[in-house]
Amino acid sequence: MVDSTDEICRYAAQYDVRLGIEPANRVASNLVNTASDALAIIDELQHAGLGVVLDTGHINLVQESAGEAIERLGNLLLQVHVNDNDGTRQQNLIPGEGTVDFGALIRLLRATGYEGFLSAELAWDYTANPVPAITETAKRIRELL
């Protein structure tokens with residue numbers, strides 16, 4: 001994986017494209033599960049265009065401290081995927097329907113000066129009728145901003 005990531009980063013650098021490693025829960029992947037895992041790869045490869053995409057659902061499932069992860073990542077945090085779960089399985093729920101503390105997350109992002117995107121990453125269950133789910137997600141996140 002590290003060799004492949006290195007090759008992709010070299011190619012992307014020609015076009016000034018940044019790439020993000022997304023740590024995932026242990027059921028989804030056994031390669032990169034925490035921000036520390038992602039940072040180890042970034043430290044090894046030393047590509048200026050390589051950063052991290054944090055997923056609130058995955059952070060919750062691996063029981064990683066969002067605050068510690070965000071602080072460690074600093075300007076390497078490229079994007080945040082917002083979704084919720086009950087802490088036991090990946091559900092990609094609308095924020096507020098699980099156990100993720102989105103108010104604390106938004107405060108942490110603000111405190112570190114994060115100005116990147118917050119992107120909804122919702123479950124397949126919402127695809128038949130996505131508008132209500134994405135509208136509610138946007139409403140809840142906007143209320144916290």
Side-chain angles (χ1 to χ4, degrees), residues 1-85 87 89-127 130-131 133-145:
M1 184 198 81
V2 172
D3 291 341
S4 297
T5 302
D6 183 48
E7 187 173 336
I8 293 166
C9 286
R10 289 179 192 281
Y11 181 81
Q14 300 172 70
Y15 302 99
D16 198 29
V17 172
R18 297 191 74 191
L19 301 173
I21 298 171
E22 181 179 344
N25 71 75
R26 290 170 185 86
V27 173
S29 172
N30 65 352
L31 299 173
V32 181
N33 300 120
T34 65
S36 295
D37 294 341
L39 283 172
I41 294 167
I42 291 168
D43 288 343
E44 180 177 341
L45 295 179
Q46 294 295 308
H47 285 289
L50 187 58
V52 178
V53 175
L54 281 185
D55 183 300
T56 58
H58 291 305
I59 289 173
N60 197 35
L61 291 173
V62 300
Q63 298 177 343
E64 180 174 23
S65 164
E68 289 175 16
I70 291 166
E71 286 178 19
R72 276 195 312 268
L73 293 173
N75 64 355
L76 293 174
L77 181 58
L78 303 178
Q79 184 179 21
V80 178
H81 290 169
V82 293
N83 62 80
D84 215 338
N85 61 52
R89 63 189 173 93
Q90 186 168 344
Q91 296 166 295
N92 293 73
L93 300 172
I94 294 168
E97 294 186 358
T99 60
V100 174
D101 184 347
F102 285 94
L105 176 79
I106 297 300
R107 287 189 298 277
L108 287 166
L109 291 170
R110 279 196 170 147
T112 60
Y114 177 74
E115 295 181 350
F117 288 101
L118 300 173
S119 304
E121 186 175 15
L122 301 178
W124 181 255
D125 298 348
Y126 299 113
T127 58
V131 174
I134 199 64
T135 301
E136 186 62 23
T137 296
K139 176 183 169 238
R140 291 180 184 186
I141 295 299
R142 283 186 184 123
E143 287 171 355
L144 297 171
L145 297 173

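Across all their heavy atoms, I141 and F102 have their closest contact at CD1-CD2, 4.2 Å. The heavy-atom pair separating L54 from A35 by the smallest distance is CD2-CB, 4.5 Å. Annotation for V32 and S29: closest pair N-OG, 3.9 Å, computed over non-hydrogen atoms. A66 approaches L105 most closely through the heavy-atom pair CB-CD1, 4.3 Å. Closest of all the heavy-atom pairs between E136 and I94 is CG-CG2, 4.0 Å. The two residues N85 and G87 make their nearest non-hydrogen contact at OD1-N, 2.8 Å.
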For this session: Evaluate the criterion side-chain contact (heavy atoms from CB on, under 4.5 Å) for residue pair R110 and E115; output intermediate values, then yes/no.
Result: CA-CA 8 Å; R110 279 196 170 147; E115 295 181 350; over 6 Å; no
For this session: Apply side-chain contact (heavy atoms from CB on, under 4.5 Å) to V80 and V53, showing your working.
Result: CA-CA 6 Å; V80 178; V53 175; over 6 Å; no
Problem set entry | Worked verdict on V52 versus Q79 for side-chain contact (heavy atoms from CB on, under 4.5 Å) | CA-CA 7 Å; V52 178; Q79 184 179 21; over 6 Å; no
For this session: Could you give me the CA-CA distance, side-chain angles and deciding distance for E44 and V2, then say whether side-chain contact (heavy atoms from CB on, under 4.5 Å) is met?
Result: CA-CA 9 Å; E44 180 177 341; V2 172; 3.5 Å; yes
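Using a 4.5 Å heavy-atom cutoff, the side chains of M1 and T5 are in contact. Residues T137 and P95 have side chains in contact (heavy-atom distance under 4.5 Å, counting atoms from C-beta outward). Side-chain contact check for L122 versus P130: every heavy-atom pair is 4.5 Å or farther apart. Counting heavy atoms from C-beta on, the side chains of I41 and L45 come closer than 4.5 Å. Annotation: side chain of E97 is in contact with side chain of R140 (closest heavy-atom distance under 4.5 Å). Residues I134 and Y126 form no side-chain contact, since every pair of their non-hydrogen atoms from C-beta on lies 4.5 Å or further apart. Annotation: side chain of T34 is not in contact with side chain of H58 (no heavy-atom distance under 4.5 Å).
One finds the CD1 atom of I59 at 6.0 Å from the CD1 atom of I70 (value rounded to the nearest 0.5 Å). Taken to the nearest 0.5 Å, the CZ atom of R89 stands 13.0 Å off from the CG atom of N60. Considering CG of D37 and CD1 of I42, their distance stands at 11.0 Å, rounded to 0.5 Å. Remark: I8 CD1 to D6 CG distance equals 9.5 Å, nearest 0.5 Å.
Between N25 and Q90, the side chains place a donor N or O and an acceptor N or O closer than 3.5 Å (distance only, hydrogens not considered). Side-chain polar atoms of T56 and D84 form no donor-acceptor pair below 3.5 angstrom. Checked by atom type, the side-chain pair N83/D55 shows a donor-acceptor distance below 3.5 Å. When only modelled atom types and interatomic distance are considered, E71 and T112 share no side-chain donor-acceptor pair under 3.5 Å.
The residue from L109, V82, I106 that alone fulfils the side-chain contact (heavy atoms from CB on, under 4.5 Å) condition with L144 is I106.
Within 6.0 Å of atom CG in D43, more than 12 heavy atoms from other residues, nucleotides or ligands are found, so the atom counts as buried in its surroundings. Q14 CD: more than 12 foreign heavy atoms inside a 6.0 Å radius. Heavy atoms from other residues, nucleotides or ligands lying under 6.0 Å from CD of Q46 number more than 12.
A salt bridge links R72 with E64: the closest approach of a Lys/Arg side-chain nitrogen to an acidic carboxylate oxygen falls below 4.0 angstrom.
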